[in-house]
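First the structure, in the form of structure tokens, and then the observations on it.
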Amino acid sequence: NAPFYAACNLIARTIADMPIEVEYSEAGRKGVTSDHPLLSLMQRGCTREEFIERFVLYYLVTGETFAEIVFSEMDGKPLGLVTLPSQYVYPIQGDRYNPIIAYKYVEHKTIELPKSSVVHVYRPSLSNYFESLSPAVPLQDVIALQNAALTWNKNIAQKGVLPPVYASAEGIDKAEAEEMRAD
């Protein structure tokens, strides 16, 4: 796990350190700026880099990431984005026309968040639309397979013979099984 988390941290920090620019068009002129109100949304309670690092890190580790859009109570304009820990956020299932109708945040108490106030990025599992698939899942499978192969090869090298093979078949008795083993 340690190499996986170290790699995730490195990727998240690298992405967070990249400069972000916004293209705009003003009076028929196109331009690029790194000082835009949209970018300032990522600086609520933390720096833009910290927000992006957390957002990316949750995605890499859990397969999904959430950010709550904080709106002004006065005029309803967005004030900022706050990363929500993905282990505390659950989509509320709707129907086939509107699969996710809201989100439930459960930490010390349960809070329902409207769908319009949550940014949800996820890699869906092929077996269940509402579950995310973390990159850690296939990584764990590869590591387990690699460890099994190493153990298999070590046993062959130490014992100098083929490892035992186990098989089962319907309709044979013990005597037939012993005869097959002898062959």
Side-chain angles (χ1 to χ4, degrees), residues 1-24 32-71 77-94 98-155:
N1 285 342
F4 172 74
Y5 287 113
C8 288
N9 279 321
L10 182 63
I11 292 167
R13 282 193 207 124
T14 301
I15 292 171
D17 288 339
M18 294 174 152
I20 298 179
E21 296 178 334
V22 174
E23 288 185 18
Y24 66 91
V32 177
T33 183
S34 58
D35 183 33
H36 191 275
L38 183 63
L39 297 177
S40 67
L41 291 177
M42 292 184 235
Q43 301 190 103
R44 181 165 181 90
C46 63
T47 65
R48 177 191 62 82
E49 291 81 7
E50 290 171 329
F51 170 79
I52 293 172
E53 184 177 341
R54 289 178 194 154
F55 197 74
V56 170
L57 197 53
Y58 275 115
Y59 180 73
L60 292 174
V61 173
T62 66
E64 63 187 335
T65 189
F66 301 90
E68 181 182 6
I69 305 167
V70 179
F71 294 99
K77 290 184 180 177
L79 296 174
L81 294 167
V82 178
T83 305
L84 298 173
S86 59
Q87 68 268 27
Y88 299 130
V89 182
Y90 305 94
I92 298 174
Q93 188 172 346
N98 190 10
I100 298 173
I101 57 171
Y103 294 91
K104 183 170 53 169
Y105 182 80
V106 181
E107 190 173 4
H108 302 294
K109 62 180 181 176
T110 302
I111 301 169
E112 190 169 310
L113 302 168
K115 185 176 172 180
S116 61
S117 71
V118 175
V119 177
H120 182 195
V121 178
Y122 75 111
R123 171 187 278 166
S125 168
L126 296 177
S127 62
N128 185 349
Y129 180 81
F130 295 97
E131 291 179 9
S132 63
L133 178 63
S134 168
V137 173
L139 177 65
Q140 288 170 349
D141 291 345
V142 168
I143 290 171
L145 185 59
Q146 179 68 21
N147 288 340
L150 290 171
T151 303
W152 179 277
N153 290 336
K154 176 183 157 195
N155 289 340

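Because the structure is predicted, anything quoted here is derived from the model rather than measured. Residues: numbered from 1 along the sequence shown.
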- Task: State which residues pass ring-ring contact (aromatic ring centres under 6.0 Å, His included) with F66; sequence neighbours excluded, sorted by chain then number.
- Result: Y103, H120
- Query: Can you tell me how far the CD atom of E49 sits from the CD1 atom of I20, to the nearest 0.5 Å?
  - Reply: 8.0 Å
- Item | Distance, nearest 0.5 Å, that separates CD of E21 from CG of D35 | 11.5 Å
- Message: Distance check, rounded to the nearest 0.5 Å: F55 atom CZ versus I15 atom CD1?
- Response: 11.0 Å
- For S86 and Y58 the tightest heavy-atom approach is OG-CD2, 3.4 Å
- Do I69 and V119 have side chains that get closer than 4.5 Å, going by heavy atoms? yes
- Between E112 and A102, what is the shortest heavy-atom contact and its length? OE2-CB, 3.8 Å
- Message: Checking N98 now: which residues fulfil side-chain hydrogen bond (donor to acceptor under 3.5 Å, both in side chains) with it, not counting sequence neighbours?
- Response: K115
- Message: Would you say that L84 contacts L113 through its side chain, given a criterion of any heavy-atom pair below 4.5 Å between the two side chains?
- Response: yes
- Answer whether the closest heavy-atom distance between the side chains of I52 and M42 falls below 4.5 Å. yes
- Gap separating the OG1 atom of T83 from the CD atom of E68, nearest 0.5 angstrom: 11.0 Å
- Message: Any side-chain to backbone donor/acceptor pair from T14 onto L10? Under 3.5 Å, distance only.
- Response: yes
- Heavy-atom nearest pair, A16 first then E53, reads CB-N, 3.8 Å
- Message: Applying side-chain hydrogen bond (donor to acceptor under 3.5 Å, both in side chains), can you list everything that pairs with E107, at least two apart in sequence or on another chain?
- Response: Y105
- Message: Rounded to the nearest 0.5 Å, what separates atom OH in Y88 from atom CD1 in I111?
- Response: 13.0 Å
- Task: Specify the closest pair of heavy atoms between A12 and V56, including all atoms of both residues, with the distance to one decimal.
- Result: CA-CG1, 3.8 Å
- Task: Return the minimal non-hydrogen interatomic distance between L39 and T33, and the atom names on each side.
- Result: CD1-O, 4.4 Å
- Backbone N/O of V121 and side chain of T65: donor-acceptor pair under 3.5 Å: no
- Can you measure from CG (D17) to CZ (R48) and round to the nearest 0.5 angstrom? 8.0 Å
